Amino acid sequence: MNSAITTTASDRQDRPAAKPASLADKAFSVQQAFTRIATPGSVHSLRAIAEEAGLDDATVHRILQTGVGRGVFEQVGRGRYRLGTGTARAGLHAMAEAPGAASTHSTLVALHQATGGLALLYVLSPFGVGRLCTDYAIGDRDPAEVGMTAEDIVSVSRSLRTGASGRAILAYLPQKIRDRVLAEEVPPTAGPGVIRDNDALAASLGEVRRMGFAIGRQECMTGWDSVAAPAFWDGGIMGSVLLLRPSGEMPEDLRPMIYHTRRAAEEISQLTLSPVTPTG
């Protein structure tokens, strides 16, 4: 199986770029520094930002002050900064170029047909550190008939520390965010196979990065096993594709399940890199 996507994304997540040379490079380095050290709503000192960006304080101060005037950064108190609303607006415009629901849904349908399992797409939540189920393909199967409720899909799955789909995302997030998620309580409605020990959970994230997929044994819900693979947007983690099957129906040889799940995640990742057809 092709592991190129996994290797590339893992390298990009934790390795800072080469020391910037031009003024434009330095400005982008300052902005990228926030994405590596910040958690939602957090503020940071000029010194911390400069150290992360690999630049001197004076240069970073000039860039931050210019960015404050343009809404890219916000100054909170004396000498402390966070990303501004201008960054969020730019992100919304970028999201308009993301793959459409029709394209991703057809990929999920193909995964369901190839495996007989429930195929779901999770994306990083814009509120806090969590994930949301944005689409699924289950064919003629009624989730209620097999003991799976809407609450199982939505509420339990908000935590990134629960289930294969959560770990497939968490493994590629910056270490500071991983630490924050590991500090969360395990959801009380999680399944009996949920990984409660933080050392074991952290070790599983390294395995996800090495292998490019995660396997869950009744982690989110009793009686359900899973395979998940990360989906990327231009090298950054976007979400994960999850394959769910009742534990009694999951084959002992998981290689076909892994293959089809990774293939679906890679197809969705490739959609984010495809040029958008002009309209109007």
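All residue numbers refer to positions in the sequence shown, counting from 1. Every heavy atom of this structure was used, including side-chain atoms; hydrogens, water molecules and symmetry mates were not. It should be emphasised that the depicted structure is a prediction, and the values quoted were computed from it without experimental measurement.
Two residues are said to be in side-chain contact when any heavy atoms from C-beta on lie closer than 4.5 Å; M257 and P251 meet this criterion. By the 4.5 Å heavy-atom criterion applied to side chains, M221 and L244 are counted as neighbours. I49 places a side-chain heavy atom less than 4.5 Å from the side chain of Y81. Side-chain contact between F232 and Q270 is absent, with no heavy-atom pair separated by less than 4.5 Å. Annotation: side chain of V186 is in contact with side chain of R161 (closest heavy-atom distance under 4.5 Å). A 4.5 Å side-chain heavy-atom check between I195 and S204 finds at least one atom pair inside the cut-off. No side-chain heavy atom of L243 sits less than 4.5 Å from a side-chain heavy atom of L118. Residues D56 and T59 have side chains in contact (heavy-atom distance under 4.5 Å, counting atoms from C-beta outward).
S240 contributes a side-chain N or O that, together with a main-chain N or O of S165, makes up a donor-acceptor pair within less than 3.5 Å. A distance-only check finds a donor-acceptor pair linking the side chain of H112 to the backbone of G117 [under 3.5 Å]. With hydrogens and angles disregarded, a donor-acceptor distance shorter than 3.5 Å links the side chain of Q218 to the backbone of G223. No side-chain donor-acceptor contact under 3.5 Å links R167 to the backbone of L205. Checked by atom type and distance alone, the side chain of N198 pairs as donor or acceptor with a backbone atom of L182 at under 3.5 Å. Formation of a donor-acceptor pair under 3.5 Å by the R178 side chain with backbone atoms of L173 is found in this model.
Two different hydrophobic clusters hold I138 and V109 under the rule that ILVMFWY side chains link at heavy-atom gaps under 4.5 Å. Under a hydrophobic clustering in which Ile, Leu, Val, Met, Phe, Trp and Tyr are joined whenever their side-chain heavy atoms come within less than 4.5 Å, directly or via other members, V194 and L201 fall into different clusters.
For the pair R262 and F213, the cation does not sit on the ring face, since its NZ or CZ is not both under 6.0 Å from the ring centre and inside 45° of the axis.
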Kindly determine whether D225 and R245 satisfy salt bridge (charged side-chain N to carboxylate O under 4.0 Å, His left out), including the steps that lead there. CA-CA 6 Å; D225 290 347; R245 293 191 69 176; over 6 Å; no
Using side-chain contact (heavy atoms from CB on, under 4.5 Å), reason through R217 and S247 one step at a time and then give a plain yes or no. CA-CA 8 Å; R217 300 290 189 181; S247 301; over 6 Å; no
After noting the C-alpha distance and the side-chain angles of L120 and L108, does the key distance pass the side-chain contact (heavy atoms from CB on, under 4.5 Å) rule? CA-CA 7 Å; L120 302 92; L108 295 178; over 6 Å; no
Would you check, one step at a time, whether the test side-chain contact (heavy atoms from CB on, under 4.5 Å) holds for Q75 with L64? CA-CA 8 Å; Q75 184 168 354; L64 289 171; over 6 Å; no
Apply side-chain contact (heavy atoms from CB on, under 4.5 Å) to residues M238 and I268 and explain how you reach the verdict. CA-CA 10 Å; M238 175 181 72; I268 291 176; 3.6 Å; yes
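With rounding to the nearest 0.5 angstrom, the CG atom of L121 is 6.0 Å from the OG1 atom of T104. For the atom pair R47 CZ and R80 CZ, the distance stands at 13.5 Å (nearest 0.5 Å). Distance check: L55 CG to R62 CZ gives 10.0 Å after rounding to the nearest 0.5 Å. Taking CD of E267 as the reference point, atom CG of L111 lies at 9.5 Å (rounded to 0.5 Å). Atom OG in S269 sits 8.5 Å away from atom CG in L271 (nearest 0.5 Å).
L124 approaches I169 most closely through the heavy-atom pair CD2-CG2, 3.7 Å. M250 approaches S226 most closely through the heavy-atom pair CE-N, 3.8 Å. Considering every non-hydrogen atom in both A229 and G212, the closest pair reads CB-O, 4.0 Å. Shown here for V208 and A168, the closest heavy-atom pair between the two residues is CG1-CA, 4.1 Å. Between T162 and A190, the closest heavy-atom pair is CG2-CB, 4.0 Å. A137 approaches H105 most closely through the heavy-atom pair CB-CE1, 4.3 Å.
Between E266 and R263, no side-chain nitrogen of the basic residue sits less than 4.0 Å from a carboxylate oxygen of the acidic one, so the salt-bridge criterion is not met.
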